[in-house]
Amino acid sequence: MSTTISLGLLMGIVGYAYRAIQPPPPKICGSLNGPPITASRVKLSDGRHLAYKEHGVPKDQAKYKIAYIHGFDSYRLNTIPLSPELAEELGIYMVSFDRPGYGESDPNPKRTEKGIALDVEELADQLSLGNKFYVLGFSMGGQATWGCLKYIPHRLAGATLVAPVINYWWPGFPADLSKEAYQKQFLQDQWTLRVAHYAPFLTYWWNTQKLFPASSVASKAPGIFSAHDLELLPKIPLVDKVPIRQQGELESLHRDLNVGFGKWEFDPMDLENPFANYEGAVHLWHGDEDLLVPVSLQRYIVGRLPWIQYHELKGAGHLFPYADGMNDAIIKSLVIGKKK
């Protein structure tokens, strides 16, 4: 009798634990119980949809065409702003899009860095951006930009990574340097990334359980912002956060963590210069007081990849693109900056 009771209790505990780590299904935009479709969208070859937003001059009048890739917990309406003055002066068209699972883009349970790069390429083709176009990725969108440099370099006229998030497990980093940078993160973020890397099936549970604090970035904890970031926060346009996660946090935030900090198919530090003939350039911008992405690791990356044009900003945090004039400086350097 006692054995039967013990077995029953064990099965009950296992069943409860299994249910606790299972995420709810995503609420697909346009489905019966999902959010409505309000954005312009393209249908990809695999049947998924990407939602997008166009900025700047009409693309048929544009001299420069840019695909903008947003960061973590963001979407197509959160961009490094393209000022109307610069767009008109240089003839710039920019398209921003919701990465899979964010906003109104369909989730992709098989998402990888390669898949995102191919999404960018297919979006560019469906919008007729031409044989070559520019990519601009901010924060976690910088990881997708590395993917573009790896998988579609032949389609790029130039690329810019702005405060790009790194993966502490990229093999090109010296172990001591990566460990030192990793241990400077909040303990709760160390655990969040550790779970995403080693036990991705627990990422949903970890970020929704209430026993321990999870991602400080997802919760927008004040401690993640530098003094410079705090000065800039009032200048950043307020955007309704509900649409960002409206299809569920699993296919947006949690999938981002698993892809961004999981095992990659390539190491960015092994990339070769895609513009060896000086027909384009790759830029990387970073603040030396960024509390989210350690500057020490960016310095190491550009030391390994000397063909990258590195712009380090003294006293700047993670949100420096919103400082006065920085948005235009970043975009202008991408399209008409010196080719190295």
Side-chain angles (χ1 to χ4, degrees), residues 69 71-72 80 113 136-147 149-150 159-198 215-218 220-232 256-257 259-264 266-273 281-323 326 329-330 333 340:
I69 310 174
F72 182 76
I80 295 175
E113 295 304 331
L136 169 58
F138 175 44
S139 193
M140 211 142 191
Q143 291 192 334
T145 305
W146 286 122
L149 289 167
K150 168 66 176 179
T160 290
L161 304 95
V162 180
V165 172
I166 54 81
N167 183 326
Y168 295 93
W169 290 272
W170 285 338
F173 286 133
D176 56 343
L177 180 66
S178 180
K179 181 178 180 181
E180 179 185 8
Y182 180 78
Q183 291 179 340
K184 289 181 179 179
Q185 304 301 299
F186 289 147
L187 184 60
Q188 67 199 78
D189 292 322
Q190 293 181 37
W191 274 104
T192 297
L193 302 189
R194 192 177 286 125
V195 168
H197 184 77
Y198 293 109
S215 170
S216 66
V217 182
K220 302 295 188 293
I224 66 175
F225 298 114
S226 70
H228 186 241
D229 289 334
L230 292 174
E231 292 176 8
L232 294 174
D256 246 5
L257 292 170
V259 173
F261 298 99
K263 184 176 181 181
W264 281 35
F266 73 99
D267 183 341
M269 285 166 275
D270 291 336
L271 292 177
E272 296 182 356
N273 184 359
V282 179
H283 297 263
L284 195 157
W285 296 72
H286 206 77
D288 70 351
E289 294 186 8
D290 190 325
L291 301 183
L292 293 175
V293 186
V295 68
S296 60
L297 298 183
Q298 303 291 21
R299 290 169 179 166
Y300 186 82
I301 290 171
V302 298
R304 288 277 303 269
L305 304 175
W307 41 268
I308 289 181
Q309 297 190 34
Y310 183 50
H311 313 261
E312 185 173 306
L313 305 176
K314 186 172 179 58
H318 196 69
L319 302 179
F320 69 84
Y322 295 96
M326 280 306 310
I330 291 168
S333 74
K340 187 175 179 180

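Computation of the quantities below employed the complete heavy-atom set of this structure, encompassing side-chain atoms and omitting hydrogens, waters and symmetry-equivalent molecules. Each residue takes its place number in the sequence, starting with 1.
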Quick note, salt bridge (charged side-chain N to carboxylate O under 4.0 Å, His left out) partners involving residues 285-314, not counting sequence neighbours, are D270-R304, R299-E312
Contact summary for P321 and M326, nearest pair of heavy atoms:
O-CB, 3.8 Å
Which atom pair, heavy atoms only, marks the closest approach of F320 to G317?
CD2-O, 3.1 Å
Mind checking what makes side-chain contact (heavy atoms from CB on, under 4.5 Å) contact with V165, not counting sequence neighbours?
S139, M140, Q143, F261, V293
Inspect the surroundings of NZ in K220 and state if more than 12 heavy atoms from other residues, nucleotides or ligands are less than 6.0 Å away.
yes
Residues forming a ring pair (Phe, Tyr, Trp, His ring centres under 6.0 Å) with H286, sequence neighbours excluded
none
Within 6.0 Å of CH2 in W170, more than 12 heavy atoms from elsewhere
yes
So CD1 of I69 and OG1 of T160: to nearest 0.5 Å the spacing works out to 11.0 Å
Rounded to the nearest 0.5 Å, the CD1 atom of I166 sits from the CD1 atom of I301 at a distance of 7.0 Å
Is the Y182 ring parallel, tilted or perpendicular to the Y168 ring (thresholds 30°, 60°)?
perpendicular
Are the side chains of H318 and L291 in touch, meaning some heavy atoms are under 4.5 Å apart?
no
Shortest non-hydrogen contact from P306 to G303?
CD-O, 4.0 Å
So, D229 versus S226: side-chain donor-acceptor pair below 3.5 Å or not?
yes
Would you name the heavy atoms of L305 and L271 that are closest together and state the gap between them?
CD2-O, 3.5 Å
For residues E113 and W146, determine if any side-chain heavy atom of one lies less than 4.5 Å from a side-chain heavy atom of the other.
no
Please assess L232 against F225 for the test side-chain contact (heavy atoms from CB on, under 4.5 Å), listing each intermediate value before the final yes or no.
CA-CA 10 Å; L232 294 174; F225 298 114; over 6 Å; no
Heavy atoms, side chains only, cut-off 4.5 Å: are P171 and M269 in contact?
no
Do you know the tightest heavy-atom contact between A196 and L257?
CB-O, 3.6 Å
How long is the span from the OG atom in S333 to the CD atom in Q309, to the nearest 0.5 Å?
8.0 Å
Can you check ring-ring contact (aromatic ring centres under 6.0 Å, His included) on W285 and F138, steps first, answer last?
CA-CA 10 Å; W285 296 72; F138 175 44; over 10 Å; no
Over 12 non-hydrogen atoms of neighbours within 6.0 angstrom of CD in E272:
no
Can you find a pair of side-chain heavy atoms, one from F173 and one from D267, that are under 4.5 Å apart?
no
Can a donor-acceptor pair be found, under 3.5 Å and without considering hydrogens, that links the side chain of Q298 to the backbone of A163?
no
Just so I know, are the side chains of L193 and W169 near enough to count as touching, which here means a heavy-atom distance under 4.5 Å?
yes
Nearest non-hydrogen partners of I224 and V217, listed with the distance
CD1-CA, 4.1 Å
